[in-house]
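Letters A, B, ... are given to chains in the order of the sequence lines, protein chains preceding strands, and every chain is numbered from 1.
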Number of protein chains: 2
Amino acid sequence: MAPPAETLTAERILEATEEVLRRHGPAKATVVDVARALGVSHGSVYRHFRTKAALREAVTKRWLDRTSQRLAGIAGATDRDPATRLREWLAALFDAKRHKAGDDPELFATYTVLTDEYGSVVGEHIEDLVTQLTEIVAAGVATGAFTADPRPAARAVFHATGRFHDPGYAREWQRPGVDEEFTAVVDLLLRGLTR
Amino acid sequence: MAPPAETLTAERILEATEEVLRRHGPAKATVVDVARALGVSHGSVYRHFRTKAALREAVTKRWLDRTSQRLAGIAGATDRDPATRLREWLAALFDAKRHKAGDDPELFATYTVLTDEYGSVVGEHIEDLVTQLTEIVAAGVATGAFTADPRPAARAVFHATGRFHDPGYAREWQRPGVDEEFTAVVDLLLRGLTR
DNA sequence: CAGATGACAGATATTGAAATCTGTCACCTG
DNA sequence: CAGGTGACAGATTTCAATATCTGTCATCTG
């Protein structure tokens, strides 16, 4: 059922777009470049994505979804105790972001531009993450470990840790002492949640 | 001892610079404009500020200091109980920022550009604010209301409330529901601090 | 005939020459 | 002679012409 390798699919276009963005950056990456990379005319790209914006948006969504999926594994590990899971989930989010930002700063900057462009996609991603957090908090409430209204509490935890996952703070993630700051905030939040 | 009104002082240059920034914005405000507004040659401005950057930095500092001074009043009100003082201080910070951003968005954008340019001035301003918070937390620890190491706890509170005072989030401050989000975060933090 | 093409019009970006600005300094002036 | 000036060199910005890109669509082809 999988189409032959040479068939032009949305998937192949997205991969080529990621590569073009990596090479040229967000300002210079054009639809013509993507078409050239695939060896087709740019008109063909427009058969799969109505506009350049739609294409960039789809690439952005893909990138964010990869992070969500990684974290979903931790949120769903219902065998572990909620406090630990919350800590690990937040640490994993911080770690994922910090590595993305530190390992390839240019690519990270590229995606930061894209996420700024497509606020609604980011909004959905955040709702997704808050839902994962809600799952953990709700588990804690069920256990009796936490006292809280899960959804608003999860949202508060997400907002309170913004410094450790919002791309706007990426510069700070390299500085010494951030880990202590992270731990201090998470400790304080966990004390606030704990019965 | 106060110099006559027509004497060129650093103070008068700073006032003129604020006005020029308000009128022309950060990108188009030039030293020549400032000199023109004061009716002097631009060489005279350079007698008081070594570079354009030094002038802009001084204006930025003045602007930040005005906020610090307002908040210092609340932090220093040692007659009131620490938990209330902490809430009021954070609410006052949020309120001050939100009004600056909402009442004159262009001027706020101008100063956001300036604060991005002069990170060290912002750093000092933040240290100043964290010191004020530390004072409140320490008072709470003395009372027995809070359990915490005042300085790191104050820093954690500051970081955890970044969403409600960092200019990068200014867009969010207009949205409905932010007040509830603010209250949720502050409640959680206060629960964490409280013995 | 489904899918690809490339010519085209209007929008956007690039480029380089001209204009303006920054920072210095030798020289005024009250 | 303290404080101010304006001409100047080099850096930066502006602006208009030129080039490139986006999105459409009539046409082509396997």
Side-chain angles (χ1 to χ4, degrees), chain A residues 1-61 106 109-110 112-114 116-118 121, chain B residues 1-60 106 109-110 113-114 116-118 121:
Chain A
M1 272 295 137
E6 70 277 4
T7 301
L8 190 60
T9 60
E11 183 63 22
R12 281 191 64 219
I13 293 173
L14 289 174
E15 270 159 26
T17 304
E18 282 191 348
E19 184 54 24
V20 168
L21 281 166
R22 195 187 311 272
R23 281 198 145 85
H24 300 335
K28 293 195 189 166
T30 70
V31 176
V32 172
D33 289 331
V34 173
R36 195 168 18 240
L38 289 162
V40 300
S41 74
H42 74 280
S44 300
V45 174
Y46 281 98
R47 292 206 163 271
H48 294 265
F49 296 93
R50 272 207 309 291
T51 62
K52 183 190 186 183
L55 174 57
R56 288 163 78 102
E57 186 173 311
V59 170
T60 306
K61 183 163 165 41
E106 282 192 38
T110 291
T112 300
V113 170
L114 289 176
D116 282 351
E117 264 166 39
Y118 305 105
V121 170
Chain B
M1 272 299 131
E6 71 276 6
T7 302
L8 190 61
T9 61
E11 181 64 23
R12 282 190 63 220
I13 293 172
L14 289 174
E15 270 160 24
T17 305
E18 283 192 345
E19 182 56 23
V20 168
L21 281 166
R22 195 189 310 275
R23 280 199 146 85
H24 301 342
K28 292 196 190 167
T30 71
V31 176
V32 172
D33 289 332
V34 173
R36 196 168 16 239
L38 289 162
V40 299
S41 74
H42 75 280
S44 300
V45 173
Y46 280 97
R47 292 207 166 271
H48 295 265
F49 295 92
R50 274 208 308 288
T51 63
K52 183 190 185 184
L55 175 56
R56 287 163 79 101
E57 185 172 311
V59 169
T60 307
E106 281 192 38
T110 291
V113 170
L114 289 176
D116 282 351
E117 264 166 39
Y118 304 107
V121 170

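Where A/Ala27 and A/Gly39 meet DNA chain C, the nucleotide closest to each residue was compared, and A/Gly39 sits on the side nearer the 5' end.
Contact record, B/Val34 with B/Ala16: CG1-CB, 4.2 Å, taken as the closest heavy-atom pair. Closest heavy-atom contact between B/Lys52 and B/Tyr46: N-CE2, 4.2 Å.
Distance CG (B/Leu38) to C1' (D/dT5): 15 Å, rounded to an integer number of Å. Going from atom CD1 of A/Ile13 over to atom P of C/dG3 covers 13 Å, rounded to whole Å. For the pair A/Arg56 CZ and D/dC21 C1', the interatomic distance rounds to 12 Å; values are reported in whole Å.
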Q: Show your working on side chain to side chain contact (heavy atoms under 4.5 Å, CB included) between A/Leu21 and A/Leu114 and close with a plain yes or no.
A: CA-CA 10 Å; A/Leu21 281 166; A/Leu114 289 176; 3.8 Å; yes

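Contact annotation: A/Ser41 side-chain N/O to C/dG6 OP1/OP2 distance is not under 4.0 Å.
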Q) For every nucleotide of nucleotides 19-25 of chain C, 5' to 3': is a protein heavy atom under 4.0 Å from its base (B), only from its sugar-phosphate (S), or from neither (-)? A) --SBBB-

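Applying the salt bridge (Lys or Arg N to Asp or Glu O under 4.0 Å) test to pairs two or more places apart or on separate chains, those with a residue in residues 25-49 of chain A are A/Asp33-A/Arg36.
A salt bridge is absent between B/Arg12 and B/Glu15; no separation between the charged side-chain nitrogens and carboxylate oxygens falls under 4.0 Å.
With sequence neighbours left out, the salt bridge (charged side-chain N to carboxylate O under 4.0 Å, His left out) criterion links B/Glu57 to no other residue.
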